[in-house]
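This report concerns only the one structure given below.
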Amino acid sequence: MSKTVITFGTFDVFHVGHLRILQRARSFGDRLVVGVSTDALNENKKGRAPVYSQEERREIVAALSCVDETFLEESLELKGAYIQRYGAAILVMGDDWEGRFDALSELCEVRYLPRTPAISTTEVIEKIRV
Ligand code: CTP
């Protein structure tokens, strides 16, 4: 039986930290499903609109060879429902979220992975702006 891994993120201004966590997530199973957060969710969460639209961000993530399926994540509260919908055995999150999703370990294994140091979308935007 195939083992599905699920992860979530904005993946705006796609960078190598995004690529590495997706590749590592995929290595834990044989199918990777990625929830790409909607523009509306980001405006609420980060207080700014993403540079690239949800359709563009999803198109970029979906084109990666390590990604098998994508969907739009409409709400942070629905992670449990998404895990069940896609039959995920493992939830992968960056360790910036350490501990925040432990309650979901009732549904599947929860793994927090170390972030790639010294890069983030926010930093890239700042660097280009200067
Ligand atoms: N991520 C990572 N290493 C980085 C940046 C992000 O492993 N250097 C991971 C995050 O932990 C998350 C996924 O990539 O699991 C998507 O993160 P996202 O929030 O979209 O990217 P950030 O670069 O952190 O964006 P921002 O600066 O807007 O918060």
Side-chain angles (χ1 to χ4, degrees):
M1 212 182 101
S2 80
K3 193 179 210 182
T4 298
V5 183
I6 194 166
T7 193
F8 298 86
T10 308
F11 305 104
D12 190 24
V13 189
F14 196 88
H15 59 69
V16 75
H18 295 148
L19 179 64
R20 289 182 188 159
I21 200 165
L22 293 173
Q23 288 175 328
R24 281 179 289 163
R26 178 64 170 73
S27 73
F28 298 139
D30 36 37
R31 176 173 170 249
L32 177 62
V33 179
V34 184
V36 176
S37 56
T38 60
D39 295 338
L41 182 53
N42 275 275
E43 281 165 43
N44 290 337
K45 195 174 63 172
K46 299 190 181 179
R48 64 168 164 78
V51 173
Y52 297 131
S53 70
Q54 59 194 41
E55 288 78 20
E56 292 166 331
R57 291 182 286 109
R58 183 178 177 182
E59 191 176 332
I60 290 166
V61 171
L64 299 170
S65 59
C66 59
V67 174
D68 298 285
E69 195 169 342
T70 60
F71 65 93
L72 288 173
E73 179 190 20
E74 308 267 357
S75 161
L76 295 177
E77 316 307 318
L78 290 176
K79 284 199 171 49
Y82 295 130
I83 288 167
Q84 287 178 314
R85 181 187 303 170
Y86 291 99
I90 306 178
L91 166 65
V92 165
M93 297 296 297
D95 63 3
D96 43 329
W97 295 96
E98 185 81 52
R100 292 271 291 279
F101 295 103
D102 288 359
L104 295 171
S105 55
E106 285 179 0
L107 298 175
C108 68
E109 186 186 332
V110 180
R111 286 198 199 179
Y112 302 97
L113 302 186
R115 286 169 65 93
T116 299
I119 189 161
S120 72
T121 296
T122 308
E123 279 179 49
V124 173
I125 293 171
E126 292 297 319
K127 212 180 265 181
I128 293 168
R129 199 174 263 153
V130 173

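Ligands are counted one by one from 1 in listed order, and the atoms in each one are counted from 1 as well.
Looking only at protein heavy atoms, the nearest one to atom 27 (O) of ligand 1 is T122 OG1, 2.5 Å. Residue, atom and distance of the protein heavy atom nearest to atom 5 (C) of ligand 1 are R115 NH2, 3.3 Å. For atom 20 (O) of ligand 1, the nearest protein heavy atom (residue, atom name, distance) is F11 N, 2.9 Å. Atom 18 (P) of ligand 1 has H18 NE2, 3.7 Å as its closest protein atom, hydrogens excluded (heavy atom only).
Look at H15 and you'll find a heavy atom under 4.0 Å from some atom of ligand 1.
Evaluation of the side chain to side chain contact (heavy atoms under 4.5 Å, CB included) rule for R48 yields D12, T121, T122, I125 as partners, not counting sequence neighbours.
For the atom pair OG1 of T4 and CD1 of I83, the computed distance is 12.0 Å after rounding to the nearest 0.5 Å. Once rounded to the nearest 0.5 Å, the distance linking CZ of F71 with CZ of R85 reads 7.0 Å.
Residue contact check: I119 has heavy atoms under 4.0 Å from atoms 4 (C), 5 (C), 8 (N) of ligand 1. Which parts of ligand 1 touch R48 is read off a 4.0 Å heavy-atom cut-off, strictly below it: atoms 28 (O). Taking every non-hydrogen atom of G94 and a distance limit under 4.0 Å, the qualifying atoms of ligand 1 come out as 11 (O), 15 (O). Residue T10 has at least one heavy-atom neighbour below 4.0 Å for each of these atoms of ligand 1: 20 (O).
In terms of polar-atom proximity, defined here as any N/O pair under 3.5 Å, I21 makes no such contact with ligand 1. For ligand 1, one of its N or O atoms has an N or O atom of D96 under 3.5 Å away. Close N/O approach between W97 and ligand 1 is not found [any backbone or side-chain N/O within under 3.5 Å]. Taking any N or O of T116, backbone or side chain, at least one lies under 3.5 Å from an N or O belonging to ligand 1. Below 3.5 Å of separation, one finds an N or O of K46 facing an N or O of ligand 1.
Taking a cutoff of 4.0 Å between a charged side-chain nitrogen and a carboxylate oxygen, R58 and E55 do not qualify as a salt bridge.
None of V5, I6, D68 except one satisfies the side-chain contact (heavy atoms from CB on, under 4.5 Å) rule with Y86; the exception is I6.
In this structure, K45 places its NZ atom where more than 12 heavy-atom neighbours from other residues, nucleotides or ligands lie under 6.0 Å away. Heavy-atom neighbours of E59 CD from other residues, nucleotides or ligands within 6.0 Å: at or below the threshold of 12.
Of all the heavy atoms of D95, none lies under 4.0 Å from any atom of ligand 1, so neither backbone nor side chain is involved. Heavy atoms of E126 found under 4.0 angstrom from ligand 1: none, in either backbone or side chain.
Between W97 and F101, the two ring planes are tilted [angle within 30° to 60°].
Using a distance-only test at 3.5 Å, with no hydrogens or angles considered, a donor-acceptor pair links the side chain of Q54 to the main chain of D39.
The hydrophobic cluster containing L76 also includes L41, under a criterion of side-chain heavy atoms closer than 4.5 Å among ILVMFWY residues, counted directly or through chains of members.
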